[in-house]
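What follows is a set of notes on a single structure, which appears directly below.
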Amino acid sequence: MDYDDVIQELGSFGKFQRRILFFISIPLLLTGFGAPATSFILVNQPHRCKIPSYENDTYAIQSASHQEIINRTIPRTSEGSYAECTVIVNGTEQKCSKWVYDQSQFIRTVTSDFNLVCDNTIIRSHLKTTYLFGFMAASMVSQLSDIFGRRPMLLGLYTLNVIVVFSIPFSISVPMFAALRFFEGLCNLASYQVAFVMVIELVGPVPRIYVANWSLIAWCFGLFLFTLLVYCERNWFYLMLWLAIPTIPPLVLWIPGVITESPRWLLARGRTTEASKILTKMARANNAQKKFDASKIKKEPDPGIRVILRELFHSKLLLKRLAIITSNWFVVSFIYYGLTTNVGSLGGNMYENFALLVLMELAGTSVIFFLNITGRRPVHLVSIFGCCIASIGSIMLIQFAEHSLYWLHILVALVSRFGISALFAVLYVYTGELFPTVVRSIIIGTVIMGARVGSMISPYLYDITDGKLGKMLPLIVYAVLTITVGLVSLRLPETNKRKLTETVEEAGQGNESQEVMQDEEHLVSTPLTHSHARKSLQDKECE
C-alpha cells in the first residue's frame with residue numbers, strides 16, 4: 001500500500017490531525033500581517049515644509065497668525081493646496097529639508113520618522129519592496145525543510161520571527177528597517193509554506209482540499225483582527241509592538257509532543273522507525289487500533305532532475321502552458337499586492353476600505369469550494385476579465401468623477417479585489433492540474449517566482465507620478481495586463497473531472513482522451529497539495 005492508503009486507514013482527518021492543525025492555525029490567524037501593515041506604516045502621510053525659524057510649527061493650523069505665516073511661506077499648487085516640497089525663503093522658492101505632517105489620521109509613521117517624502121519618495125517604494133524580497137527568498141528557504149525536516153525548520157523560523165518583529169519598531173535607520181522587514185517577510189512566508197506542507201502530509205486525499213483552503217480562510221479572519229488593531233493604534237511604533245506579541249504563542253510548539261515530524265518526510269529520508277512510531281501514535285489518537293511498519297509503505301521512484309527538465313523542455317504544449325500560467329501568476333500577484341500596499345489611494349475612510357477589501361478577499365477565496373460545479377476555466381476567465389472591466393471602470397470614474405461618487409469608486413475597487421482573490425484561488429488548483437506529475441514541482445516553483453517578481457515591482461507603480469495621472473496609471477496597467485493575459489488564457493483547457501496526467505506523453509494526447517474521475521474530491525485535492533506545498537502568496541495571500 002502507498003502512504004495515502006495508510007493515512008486513510010488510520011483516519012484521514014482524525015483527532016491527531018485536527019490537534020496539529022489547531023496549533024498550526026494559531027500563527028496563520030495571528031501573524032503574517034507584514035504585507036497589509038505596509039499600507040499603514042509606509043503610508044503617504046500628508047505633509048508640507050516646516051516653516052524656517054518657527055520652532056513649534058505643525059501641519060494643523062494653530063491660530064490666525066500661524067495661518068498668515070503659512071500663507072506667506074508655503075507656495076500654493078495649481079490645485080490650490082499647499083506645496084509639499086518647497087518653501088519661500090527671502091522671496092525665493094526652494095526645496096526644504098524638514099517637514100511637518102498631518103496627524104489627524106496617523107500620529108506617527110515610518111514615513112514621518114525618516115522623512116520619506118519629496119525626493120525621498122522612492123525610498124518608501126524600496127521599503128515596500130524589501131518585505132516582498134523576503135517573500136522571494138522564502139520560496140527558496142522553505143525548500144530546506146526537505147533537508148532538515150518540517151518541524152525543526154518551522155520552529156527555527158518561528159523563533160527568528162519573534163526576534164525580528166520585536167526589533168522592527170526600534171529601527172534607527174532606513175537600512176536597518178529594510179533589513180528587518182526583509183527577514184520578516186522571509187520568516188512569515190517560509191513558515192507558512194512549511195506549516196502548510198506539514199499539515200497536508202498528515203491528512204488523507206479527500207479532506208485535503210478543505211485543509212488547504214482553511215489556511216487561506218484563517219488568513220482572511222486574521223486580517224479582520226488586524227483591521228481592528230490598526231484602527232485603534234495610529235502610532236507605527238506601538239502598532240508594530242502589538243503585531244509582534246502574537247508571534248510569541250507559536251513558540252509553544254517547541255514543547256516535545258505538541259507537533260510531530262511529518263511521517264511522509266521521514267519515509268522519504270529513509271527514517272522508517274521514527275515514521276512507524278508517529279503513525280502508531282496517529283492510529284491510537286484516531287482510535288484506529290493499528291500498528292504499522294512504515295518500511296512496507298510503497299515508495300515512488302525519483303526520476304531525477306535531468307529527466308524532469310528534459311521532459312519539460314521537449315514539450316511545446318507544456319512550454320506554452322507554462323508561459324501562459326506564469327503570466328497569470330505575475331499579473332495576479334502584481335495587482336493583489338498593488339491593491340494591498342496602496343489601500344490609502346482609494347480615498348475615503350482607509351480603515352473601512354481595508355475591512356471591505358478583506359471581506360471581498362474572503363468571498364473571492366470561497367469560490368474554491370464551488371470549482372467542482374463551475375469548472376476551473378469559466379471561473380478563471382470571468383475573474384480575470386472582471387478585473388479588467390473593474391480597472392476600466394475606475395479609470396473612467398477618476399477621469400470624470402474624481403472628487404465625487406466615492407461609493408462607486410469603492411464598489412469598483414471591491415469588485416476588483418473579489419476578482420483577483422478568486423483568480424488567486426482558482427490558479428492554485430488550475431496550475432497543478434494543467435501539468436503532469438513528472439514536472440509539476442518544477443512548474444510550481446517557476447510560476448511562484450513569476451508571482452514574486454510581480455509583487456516586488458507593484459509598489460513602484462503608485463509613485464511614478466502625481467495627480468490624476470498618478471491615480472490612473474496603475475489602473476491603466478492593470479487593464480492592459482488583464483485583458484492581454486485573459487485573451488491568451490483562452491487557449492487553456494478545462495481540467496475539471498479529468499484525470500491528472502502522469503507523463504508528458506499523456507499531457508500531449510489532449511483532454512479528449514482523458515477519463516472522468518469518479519471521486520471528484522480526490523481529484524481536486526491532489527493538485528492543491530502540490531501547488532500550496534511550493535508557494536503561498538496570503539498573500540493572502542487573504543495570504
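Values reported hereafter were calculated over all heavy atoms of this structure, with side chains retained and with hydrogens, waters and symmetry mates removed.
Counting only heavy atoms from C-beta outward, the side chains of Trp236 and Phe40 never approach each other to under 4.5 Å. Using a 4.5 Å cut-off on side-chain heavy atoms (C-beta onward), Thr227 and Tyr231 make no contact. Residues Ile74 and Val87 meet the side-chain proximity criterion, which asks for heavy atoms closer than 4.5 Å. Two residues are said to be in side-chain contact when any heavy atoms from C-beta on lie closer than 4.5 Å; Val367 and Val426 fail this criterion. Residues Tyr59 and Gln103 form no side-chain contact, since every pair of their non-hydrogen atoms from C-beta on lies 4.5 Å or further apart. The closest side-chain heavy-atom distance from Thr86 to Gln94 is not below 4.5 Å. Contact of the Val110 side chain with the Met240 side chain is not registered, since no non-hydrogen atoms from C-beta on lie closer than 4.5 Å. Side-chain atoms of Ser112 and Thr109, non-hydrogen and from C-beta on, do get closer than 4.5 Å to each other.
Judged by distance alone, with hydrogens and angles left aside, the side-chain atoms of Thr326 form no donor-acceptor pair with the main-chain N or O of Ala323 at under 3.5 Å. Formation of a donor-acceptor pair under 3.5 Å by the Arg72 side chain with backbone atoms of Ile88 is not found in this model. Within the 3.5 Å criterion, the main-chain N or O of Leu127 finds a donor-acceptor partner in the side chain of Thr130. Put simply, the side chain of Ser333 never gets that close to the backbone of Arg452: no donor and acceptor are under 3.5 Å apart. Not a single donor-acceptor pair under 3.5 Å links the side chain of Thr247 to the backbone N or O of Leu243. In terms of modelled atom types and a separation under 3.5 Å, the side chain of Gln62 and the main chain of Asn56 share a donor-acceptor contact. Distance alone, capped at 3.5 Å, places no donor-acceptor pair between the Gln45 side chain and the Thr111 backbone. For Asn161 (side chain) and Leu157 (main-chain N/O), no donor-acceptor pair under 3.5 Å exists by modelled atom type. Proximity of a side-chain donor or acceptor of Thr365 to a complementary backbone N or O of Leu362 within less than 3.5 Å is not detected. Side chain of Trp99 to backbone of Glu84: a donor-acceptor contact under 3.5 angstrom is found.
For the pair Ser383 and Gly419, the tightest heavy-atom approach, listed with the atom from each and the gap, is CB-O, 3.5 Å. Closest heavy-atom contact between Thr159 and Leu155: OG1-O, 2.8 Å. Nearest heavy-atom pair across Leu189 and Phe135 is CD2-O, 3.5 Å. The minimum heavy-atom distance linking Leu154 with Ser191 is given by the pair CD1-O, 3.3 Å. The minimum heavy-atom distance linking Arg151 with Leu253 is given by the pair NH2-O, 3.3 Å. Nearest heavy-atom pair across Arg417 and Leu357 is CG-O, 3.5 Å.
For the pair Arg150 and Phe148, the cation-pi criterion (under 6.0 Å, within 45° of the ring axis) is not fulfilled.
Between the CD atom in Gln67 and the CD1 atom in Ile61 there is a gap of 4.0 Å [rounded to 0.5 Å]. Atom CG of Leu180 is separated from atom CZ of Phe177 by 8.5 Å, given to the nearest 0.5 angstrom. Ser65 OG to Ile70 CD1: the interatomic distance, rounded to the nearest 0.5 Å, is 9.5 Å. Taken to the nearest 0.5 Å, the CD1 atom of Ile51 stands 11.0 Å off from the SG atom of Cys96.
For the cysteines Cys85 and Cys49, the sulfur (SG) atoms lie at a distance of at least 2.5 angstrom from each other.
Between Thr38 and the options Arg181, Lys128, Arg124, a side-chain hydrogen bond (donor to acceptor under 3.5 Å, both in side chains) holds for only Arg181. The side chain to side chain contact (heavy atoms under 4.5 Å, CB included) test with Thr482 is passed by exactly one of Ile392, Ile420, Ile335: Ile335.
Using cut-offs of 30° and 60° for the angle between ring planes, the Phe170 and Phe237 rings count as perpendicular. Below 30°, between 30° and 60°, or above 60°: for Phe424 and Tyr336 the angle between ring planes is above 60°, a perpendicular geometry. Under the 30°/60° scheme for interplanar angles, the aromatic rings of His66 and Tyr54 are found to be tilted. Ring pair Phe330/Phe334 is parallel by interplanar angle, where below 30° counts as parallel and above 60° as perpendicular.
Counting non-hydrogen atoms of neighbouring residues, nucleotides and ligands closer than 6.0 angstrom, the CD1 atom of Ile172 reaches no more than 12 such neighbours. Within 6.0 Å of CE on Met176 lie more than 12 heavy atoms contributed by other residues, nucleotides or ligands. Heavy-atom neighbours of Phe224 CZ from other residues, nucleotides or ligands within 6.0 Å: above the threshold of 12. Annotation for Phe221: atom CZ does not count as buried by contact number, only 12 or fewer foreign heavy atoms lying within 6.0 Å. For Tyr351, the OH atom is densely surrounded, since the number of other residues' heavy atoms within 6.0 Å is greater than 12.
Residues Asn90 and Thr92 have side chains that never bring a donor and an acceptor to within less than 3.5 angstrom of each other. When only modelled atom types and interatomic distance are considered, Ser489 and Asn328 share a side-chain donor-acceptor pair under 3.5 Å. Between the side chains of Asp113 and Tyr101, no donor N or O sits under 3.5 Å from an acceptor N or O. The closest side-chain donor-acceptor pair between Arg48 and Ser81, if any, does not fall under 3.5 angstrom.
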Take His47 and Cys118 through the side chain to side chain contact (heavy atoms under 4.5 Å, CB included) test and state the conclusion after the steps.
CA-CA 10 Å; His47 59 278; Cys118 298; 4.1 Å; yes
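Here the two rings, on Phe226 and Phe354, have centers that are under 6.0 Å apart.
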